[in-house]
Participant: 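Take this structure, written in structure tokens, and hold onto it; I'll ask about it next.
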Amino acid sequence: MHACRGSSQPTRATVTERVRIENLYKIFGDSPQEAVRLLRSGKTKDELLASRYVVGLNDVSISVPAGSIFMVMGLSGSGKSTLARCINRLIEPDAGRILIDGEDVTRADAARLREIRRSRVSMVFQHFALLPHRTVAENAEFGLKMRGLPARERREKARRILEVVGLAAWENHRPAELSGGMRQRVGLARALATEADVLIMDEAFSALDPLIRNEMQDELLRLQQVLKKTILFITHDFQEAIRLGTRIAIMADGAVVQEGTAQEIVLSPNNDYVAAFTRHIDRTRVFDAASVMSPAEPIVLSGDGTVVEQRRGGLGPAYATDPEGRILGYYAPEDLDSLSETREPKALLRKDFSAVRSDAKLFEVAPLCRSQRPVAVVDENGRLCGRIEADSVLAWIGNNQTRAS
Ligand SMILES: Nc1ncnc2c1ncn2[C@@H]1O[C@H](COP(=O)(O)OP(=O)(O)O)[C@@H](O)[C@H]1O
Ligand SMILES: [Mg+2]
């Protein structure tokens, strides 16, 4: 069976785990080990505060799949930055393990730690401002220069990333010659032009004004399709979390209170704290085609056009695919009877259908549902994996949007 999944159904078995955090604790105070014992025995954050311990992290465990954007979301003071900074030990955790590709970072000596920071885990800081007197290329390679990469190597890397952001032709220009949006893209390129596969972005977009912030989110998603880094992205903004994240961990008082896909969290928030974030969310931007589709039950046609397989009971259009699952067209219900009689099933095929990817969000699917054409759902290879019943989708949106507001 080919893969057909929306963001709600990651294929866990095939994904490797790049970062794993196990039972991590960080306490600010004089005797953190005692505080860890108190936490493990069930004392609360407030009780520890009375003993002058500030709980930074309380038994945090997360698993970050390679190539994904993993969001850590929570209100100010919930421990997000502490977690981010523990990963490459800018802050030393008091208990627990941090594994990067299976290597326990908490056991690394100073030399190994330097190497890990250079080649494995990179922090992206908030400022995307460029150096005005340097060229675009010099700006793009700036981070690599700081890390001591030789000139030729860093220029080559900078050039490659400028190509990805579509600014290769501008490499010898100064930032002042670029539009505001282009300058932001160079800033993001500089941040992502690193050796490290794992990037930690702590509120990287939080200081940007909303329009530019949106552009940067789009650009990051686009870049990520090419670069496939493993990104741990910290934010206090749930909108940003669902927009960027493959998975989201929600933190409160130093602990992870819920972890899952945006769909899982919006569908069943664990508690009132989480529910409060999800209440005013536009659900059509969270739920995808896969979450509302019906089984496709295709009619399979062979290369010469004869019917190989006809599994179908439902009403509505019947999609026909080739043996690989690619859509050839569909049959209207009134054509199905003639199908068993004709020698040329392909001649009866209709082509006026729309196709959406299984991970397309419902706000993108809805306009198609409003047209008269049938809507098929396809996977990333263009193979049929379901069909959308327009009426039920529009009804779903009607119900969920009124509840959300
Ligand atoms: N160096 C420190 N000393 C004492 N308390 C700290 C220190 N750093 C962070 N904290 C406390 O730890 C908690 C988590 O902080 P932080 O990780 O910065 O939260 P966030 O990034 O989610 O806003 C807060 O209560 C904060 O006051
Ligand atoms: Mg912070």
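Counting starts at 1 for both ligands and their atoms, in listed order.
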Participant: Students should find this: residues with any non-hydrogen atom under 4.0 Å from ligand 1. What is the answer?
Facilitator: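 For ligand 1, the residues that come within the 4.0 Å heavy-atom cutoff are F28, V54, L75, S76, G77, S78, G79, K80, S81, T82.
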Participant: Starting at CG of L394, measure out to CG of L362 and round the result to the nearest 0.5 Å.
Facilitator: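 These two atoms lie 10.0 Å from each other.
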Participant: For F205 and F233, what are the C-alpha separation, side-chain angles and deciding distance, and is it a ring pair (Phe, Tyr, Trp, His ring centres under 6.0 Å)?
Facilitator: CA-CA 10 Å; F205 299 159; F233 197 110; 5.4 Å; yes
Participant: I'd like to know if the side chain of D94 and the backbone of V36 have a donor-acceptor N/O pair within less than 3.5 Å.
Facilitator: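 Absent.
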Participant: Could you state the interatomic distance from CG (D253) to CG (L57), rounded to the nearest 0.5 Å?
Facilitator: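 Those atoms lie 12.0 Å apart.
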Participant: Where the side chain of Q224 meets the backbone of G67, is there a donor-acceptor pair that is under 3.5 Å apart?
Facilitator: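 Yes: the side chain of Q224 pairs with the backbone of G67.
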Participant: Hey, is there an N, O or S on S81 sitting under 2.8 Å from the Mg ion (ligand 2)?
Facilitator: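 Coordinating: yes.
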Participant: Tell me whether the rings of F277 and Y273 are parallel (<30°), tilted (30 to 60°) or perpendicular (>60°).
Facilitator: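 Rings of F277 and Y273: perpendicular, over 60°.
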